Every structure is written in C-alpha cells, then in structure tokens.
Amino acid sequence: MSRTRYRRRPTNNRGRLLLYGILVPTILISLSSFGYAVYLGKLTTIATFTSGTEDISITNCAIIYYNGFTIPPNLVWTATQITFEDDLLYPGWELKLLAEITNTGTVPVMLSTQIYYSWDGTTWTLTDANGLLTQFRIKYTNGFYEGPGPDGKWFTDNEILWTGREGDYRLWPDPPYNKVYKEEHFFFDAQDFPELQDKTFYIMVEISATTT
Amino acid sequence: MEHIIKAKIITAILIPMLLIPLAAFGYAHWTDSVSKRYKLHVLCTQTKIKTNKVLTDWVDDKYIIKIPSDDELEEMGGTYTLKISTNRACPNFDVWIGIMLHNQGALPERVYELISTVTQDPPNSVTLTYATYTYGIFTDGDFTNFYAQINRKNFRTILDPGQGIVGETPITLPIVIDPCNKLVMWTYLKLFDGPKKFTVQIEISVHTEFA
C-alpha cells in the first residue's frame, strides 16, 4: 500500500516581497494619481500677441496751387517719397501741395512731421518752420485734415481737421479711418533778401509713423 | 441478495434525478428577487471660466480671436481653457483681460493663486509688464462694478495698471468659493518695445480643488 506524503511547501518569501514591495505601491500610486487627476481642476487662459506691421504710404498727391514758371511743375511721387524741384524761385513764389497718406500696415500709428534742410541734397539738418523762414525766407505751414471744406475746396479755413478715430491722433489700419490728407503750403517771402539769389537749397519734410 | 443491490442502486440514482428537477421547478416558481442598482459618478471640479473680456484700444474686436468664441462660450456655459490671440500687437500695445470664474458645481471649491508664464519669440526680445488682480466673492449680480459695467469705452478710467479697479481692493488667493459664487480676475499686459517681428504668449493658470 502506497502512501502519499504531503509536505508543506516552504514559504516563498521572495513572492511576498514582490507582492508587498511592488504590487501594493503600484496599486496605491495608481489610485492616488486617479484621485489627483479627478479632484484638482485647472483653468487656463492663454493669450498670444503677435506683432503687426507698421507701414504708411503716400497714396495720392496733387498740386493745388502753383504760381511758378516751371511748366509743367516738376512733381514726382511714389508710395514713400514726393519730390518737387523748381529752379525758378522768385519773391512771391507759392506752392500748395496736398498728399493723401494711408495706413497700409496693421497697427494704428501716430503721425509726426520733421523738417530738414540741406545745401547739397546729401547732408540734412533738422529744422522747423521758423528755421525755414529765417534761413531761406520760406514761409511754411502744414496740417493734417480729414477732408476738404463743405465747398469741396482745399487750403481754405473750412477743412475738417483730422483728430484720429477717437480723437487720439492715430491713423488706423482700417477704413474709413486709415487715410489722412496733409496740406503743405510754401511761400517764398524774399523780397528784401537779395543774398538768397542764385542759391540752391533743399527742403525735406518727413512724415513718421510710430506706435508710441 | 443481488436483487436488493439493484434496488438500492436504482433508488440512489432515481431519487436524486427526481429531486433535482423538482428543486429547480420550485426555485423557478417560488422565489422572487429585488435588486439595487447604484449609478455612481465621480465628481470633478466645476469652477469654470464663465465669460471674458479683452479690452484694448489698439486693436478692433474683430482682430481678437477667442477660442471658444463669446457665442460658443455662452452656449457651453463655461470652459476650462480660453485662448486669446491677435496678430496686431506693436510696441506700446496694452490690453486688459477680464475673466469671470463661476463655481457651477455642488460643492465649495478652493481657488489657488494664479500662476503666470510668459514666453517670447525671439526669447527675451520684448520688454513687458503684467499684473493680475482678483475680486470677489460675488454671490448675485454684485459684480456689476467689477466686471459688467467695464467696457471698451470706459476701461481706461476704471482700470489702473498699478492698482486694478480704481477704488477697489483686490482679494488674496487662495480662497474658497461656494456653489454659484463668482470671482473676477483682471490681467493687465503692456508691451513696451520689441523687434519688428515678435510673439508674446502669457499663460495664466488657476488651480482649483474641492474645499
């Protein structure tokens, strides 16, 4: 008669170690991350600002009044520059020039005017209206306007002064606030200044657009 | 003797064979049961961005992209993530971003301090400043002076970059807001100077949890 002997297997400590050392922490970590993910909320606002473009262009230019002798008047203009030349200045010479300036960029800009003079057309010196009168006897006035007066005429006292869309003197990138008209009036008041005879000089009026 | 053994075998097999169908029959006809069903749903925090405003006089509203849009947000009733962008920023550009947080859940929730992260491309190319001010807790329509009445036309006089809403004291986070209550947060950002092409991104995160 055969007898089967059952012997108790030795305790597997390595198995227990695995169970308690790895499995239990794994379960606990999983549970805790589940709880963390569920019970914490996060609200996020992401604001992204990308630079626009700052750009103004001359979109039209016209002589409104000219009493000089150069026929036709020597006016050339591009999107960035207006050039006017006259070799026949005389006391009483007068020029009224109108330019349409458009904001062709994507950000609102402030406009400012700087006046420069030069004796050689290369080296420029900053001046102002008083400087032009003192040095060259050129009376210079200018202004930014929304449009002509009710009679449709420029260079009168009835033009609509330009103040910007919200009175902030900014030229906006979108119609109808993206255009402004600049009047420039030059008058050569040199009757008693013969020292200016046979002199050549250059005047540059620069219109700058900035966002400040 | 053999006959007796046969009878015992028959009895031992036959009787259980009869009893088992009987028991099954009886069970089928004479038992009843009730059941309880539990539908369990695990809560998540319900404080959401209910509505928002982007106030600036540098860019028209049509050039400010919001995801979700104002209409979508109204339809959704709230969102956890709001994305705002414009490609018309420039030096001197400044903006106020107002968000209203609303506890739409059934439990009080704790709102922690804001975490703001600014990234720039190119890195460190733009000089800027930003500040955030939090107001609350609002229970009804008492946020009018802090949010509802502030708009594109008047924000320059009501919001001050150095102090938030003029004449009002911001609250300090963290704070616990009860169900249905609201908080208002105003963030001011100004770009002073930068290169011709740049991108500035500000991420404002608010962590919440059940109180």
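Given the structure is predicted, the values throughout are model-derived calculations rather than measurements. A, B, ... follow the sequence lines: proteins, then strands. Residue 1 opens every chain.
Using modelled atom types, no side-chain atom of Thr106(A) and backbone atom of Arg88(B) make a donor-acceptor pair closer than 3.5 Å.
For Leu189(B), the part lying near chain A is the side chain, with the backbone staying farther off; criterion is any non-hydrogen pair under 4.5 Å. Looking at Phe93(B), the atoms closer than 4.5 Å to chain A (heavy atoms on both sides) all sit in the side chain, from C-beta outward. For Val95(B), the part sitting under 4.5 Å from any heavy atom of chain A is the side chain, from C-beta outward, and nothing else. Looking at Ile49(B), both its backbone and its side chain come within 4.5 Å of chain A, counting heavy atoms on both sides. With a 4.5 Å cut-off on non-hydrogen atoms, Asp57(B) touches chain A through its backbone and its side chain both. Only the backbone of Thr79(B) has a heavy atom closer than 4.5 Å to any heavy atom of chain A. For chain A, the nearby part of Ile97(B) is the side chain; its heavy atoms alone come within less than 4.5 Å.
Closest approach of Ala89(B) and Val107(A) over heavy atoms only: O-CG1, 3.8 Å. Heavy-atom minimum distance, Thr211(A) versus Pro91(B): OG1-O, 2.9 Å.
Heavy-atom pairs under 4.5 Å with chain A were tallied for Val54(B), Asp60(B), Val126(B); the largest tally goes to Asp60(B).
For Lys53(B), the NZ atom sits in a packed shell: over 12 heavy atoms of surrounding residues, nucleotides or ligands are nearer than 6.0 Å. The neighbour count for Gln149(B) CD, taken as heavy atoms of other residues, nucleotides or ligands under 6.0 Å away, is above 12. Few gaps surround CD on Gln163(B); more than 12 heavy atoms of other groups in view lie less than 6.0 Å from it.
Remark: Phe84(A) pairs with Tyr66(A) by the ring pair (Phe, Tyr, Trp, His ring centres under 6.0 Å) rule, at least two apart or across chains.
A salt bridge (charged side-chain N to carboxylate O under 4.0 Å, His left out) check over residues 202-211 of chain B, counting only residues at least two apart or in different chains, returns the pairs Arg110(B)-Glu209(B).
Separation of atoms NZ (Lys42(A)) and CD1 (Ile115(B)) is listed at 7.5 Å; rounding is to 0.5 Å.
Residues of residues 45-53 of chain A lying under 4.5 angstrom from chain B, judged on non-hydrogen atoms, are Thr45(A), Ile46(A), Ala47(A), Thr48(A), Phe49(A), Thr50(A), Ser51(A), Gly52(A) by number. Within residues 168-186 of chain A, the residues approaching chain B closer than 4.5 Å by heavy atoms are, in numerical order, Arg170(A), Trp172(A), Pro173(A), Asp174(A).
Contact of the Leu101(B) side chain with the Leu43(A) side chain is registered, since non-hydrogen atoms from C-beta on lie closer than 4.5 Å.
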